[in-house]
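Here is how names work: the chains are called A, B, and so on, in the same order as the sequence lines, proteins then strands, and each is numbered from 1.
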There are 2 protein chains.
Amino acid sequence: MPQKPFVSAQEVAERAGVSRSAVSRTFTPGASVSPETRRRVVEAAEALGYHVNHLARGLMRNESGIVCLIVSEMSTPYRANLIRAMTQQLQNAGKVAMLINTDRSDGSVDLALRQAIRYRADASIILSGMPDRSITQLCLKNGQRLVLINRDDDQQGPLRINLDDAEAAGRVVTAFVRAGCRRLAFANSQAGTPSLMAREHGFVGAAKAMGLPVLVERHGPTNYESGRVLAQRLLTLGERPDAVFCATDLLACGFMDAARHQFRLSIPDQLCVAGFDDIEQAAWSSYDLTTFAQPVDRIAREAVAWLVNEREEPADHSVRFRPDLVWRSSVRGG
Amino acid sequence: MPQKPFVSAQEVAERAGVSRSAVSRTFTPGASVSPETRRRVVEAAEALGYHVNHLARGLMRNESGIVCLIVSEMSTPYRANLIRAMTQQLQNAGKVAMLINTDRSDGSVDLALRQAIRYRADASIILSGMPDRSITQLCLKNGQRLVLINRDDDQQGPLRINLDDAEAAGRVVTAFVRAGCRRLAFANSQAGTPSLMAREHGFVGAAKAMGLPVLVERHGPTNYESGRVLAQRLLTLGERPDAVFCATDLLACGFMDAARHQFRLSIPDQLCVAGFDDIEQAAWSSYDLTTFAQPVDRIAREAVAWLVNEREEPADHSVRFRPDLVWRSSVRGG
DNA sequence: GCAGCATTTGCACGCGCTTGCAAAAAAGCG
DNA sequence: CGCTTTTTTGCAAGCGCGTGCAAATGCTGC
């Protein structure tokens, strides 16, 4: 559609009887314009339906106002919620979100970051996957800010926001033991992301420290169906576990459904279940799942606050949140 | 961050020993460049980490490649899924999605569309709310394409994608009657969007046509909690309904949970429940909900295909899908 | 009325890119 | 080899905007 129907500052200037710079200044906060000129410009702009071209403005200012959100499996409850919080915070800060879908394939995140560079995004927020170091360096060198959420990377430059997964996992062990459970299990997906593995190691480590053995099972992607499969595996054993910590709520929902409907187990009487994320469904009464709440709003606020910050990078770019344990009825003795 | 660290076509040209136009043409599909020149340009670009500035390109071409997705409550399962499908299709078509959150407040969608105009989005896709006519006209006049999903508006110009809600609702009545139900109820939110109202009217109309009375209850936003409240209202009546059609799956989940856990009803023996959307949770075995599948992927494909279409607008801009009835165990006799 | 100052305005340039046009190079052909 | 035809290349203009600079304007106080 190579037409040029958008009204430009030039036309507004002509109609208002002022110079084009006056129009420009009217829409630039803090610029010097007399009230009278501003009034006439605004009036003309209104009448003509003028809107500042942010593409051109971005070109001049070297600041597009665009922030890239790089996500895979964005329709899962936790991700969707994080995206919501992020876009909301970005809008509040006068930025706008560009959303890019990635998949499991290698280089998918790199491709997304290249897109971010092409659109001269002021920043990129990576919620899934790990980009190649060379690409992140390219972004940083280009003055683009980078936020890594739960990526557990050690490179300097990006803001790294992480949860204390291992510590949280340890608290689950304590809860299970208090509930009188002795045969612990951990249900994980095969995705192997740093967060998931930290939960696994934290859980296993804490259990070992208390002298309790742990059954660990891993299967498939991090979703409901995998939770069911994991239940199949863990609940058909001779010595059935009496408490299972699922690496995410989605896994836990699948696990609980299989445990109840297929194995006729009563939760929490015969089996305690805990999850992670506190997705909306965890609060639904069919699950009423004890879980850890990811502070998505605080994460989003922190990320956006950091990336709109004019100042040079602060000393440490790493933030660590301690997730809240949300007690519900899937674990005895809350 | 008013630095200028990005490498420009000029620099690539110098390094490759060619003119700036040659660089430009190398990255413009279909432009005339000799293989040798292209090779040298690509090599230099690679070495320098050059990426075409899409802001500037959009300025020249009058085509930004940006498509705006305007959504409210984007973390609900149905919306999140639609966003996923849309971004995916857009990426496949070489476009990029800009995501804008709206809320219930008046003018929220208008604000979003203004943002779309400022970034010179090639198109806007509206998944929630209704913009003011003056704004949509402004968008269209500016050559921006518009897609309205389930908005049921009658104005010409935008592509309007709708579901046959009323017809689907009629099929539910038939199903309920076949299942031997006689006391029908409809559980709706108070949002009052065209889709929701069409489902209500379709259901009530079809039931009336079969000589069956229908209890209709409306409450709150379209979410799980409202479903619970609606169950409170509808299940405490003297003559308790034996079949309820919930306007969305989310309402249905809340309704079912309350019916089971609070009223100790067995589904589908004592109560048949049907929903709409076929969100992921509908397939979870705790619900196993009979519902209508929104063809999100087809909707997304249709929308994107239309908006990347170079041609002048086709005669009719309205597409209507017939949702598939997904039979599960929440209704007897599937 | 005028010097002295602060504020506002217009001019002109440049951000990084695409593209029409005409010149230059390459290719085809008798 | 010279000529025509095709392809490739460079030049320069311009997309819509922000902004430094100098000229113009408005104010103040004498």
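Among all heavy-atom pairs drawn from B:Gly65 and B:Asp122, the shortest one is N-OD2, 2.8 Å.
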Identify each atom pair where a protein N or O and an N or O of nucleotides 17-20 of chain C are less than 3.5 Å apart, giving names and distance.
residue	atom	partner	partner atom	Å
C:dC17	OP1	B:Tyr50	OH	2.7
C:dC17	OP1	B:Asn53	N	3.2
C:dC17	OP2	B:Ala9	N	2.5
C:dC17	N4	B:Arg20	NH2	2.8
C:dT18	OP1	B:Arg57	NE	2.5
C:dT18	OP1	B:Arg57	NH2	2.7
C:dT18	OP2	B:Ser24	OG	2.2
C:dT18	O5'	B:Ser24	OG	3.4
C:dT18	O4	B:Arg20	NH2	3.2

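Rounded to a whole Å, the CG atom of B:Leu59 is 8 Å from the P atom of D:dC17. Here the P atom of nucleotide D:dG18 and the CG atom of B:Leu55 are 13 Å apart, to the nearest Å. As a whole-Å value, the separation of A:Asn62 CG from D:dT19 C1' is 14 Å. Between the C1' atom of C:dG16 and the CG atom of B:Leu48 lies a distance of 15 Å, rounded to the nearest Å. The interatomic distance linking A:Tyr119 (OH) with C:dC15 (C1') rounds to 18 Å, in whole Å.
A 4.5 Å side-chain heavy-atom check between A:Asp132 and A:Thr136 finds every atom pair outside the cut-off. Using a 4.5 Å cut-off on side-chain heavy atoms (C-beta onward), A:Pro131 and A:Ile126 make contact.
Ring pair B:Tyr119/A:His54 is tilted by interplanar angle, where 30° to 60° counts as tilted.
In summary, B:Arg20 and B:Glu11 do not engage in a salt bridge, as defined by a charged side-chain N under 4.0 Å from a carboxylate O.
For the pair B:Arg298 and B:Phe321, the cation-pi test (distance below 6.0 Å, angle within 45°) is failed.
Heavy atoms from other residues, nucleotides or ligands lying under 6.0 Å from CD of A:Glu36 number more than 12.
Residues from residues 30-46 of chain A lying near DNA chain C, meaning a heavy-atom separation below 4.0 Å, are A:Ser32, A:Val33, A:Ser34, A:Thr37 in numerical order.
Separation of the B:Tyr50 and B:Phe6 ring centroids does not fall under the 6.0 Å cut-off.
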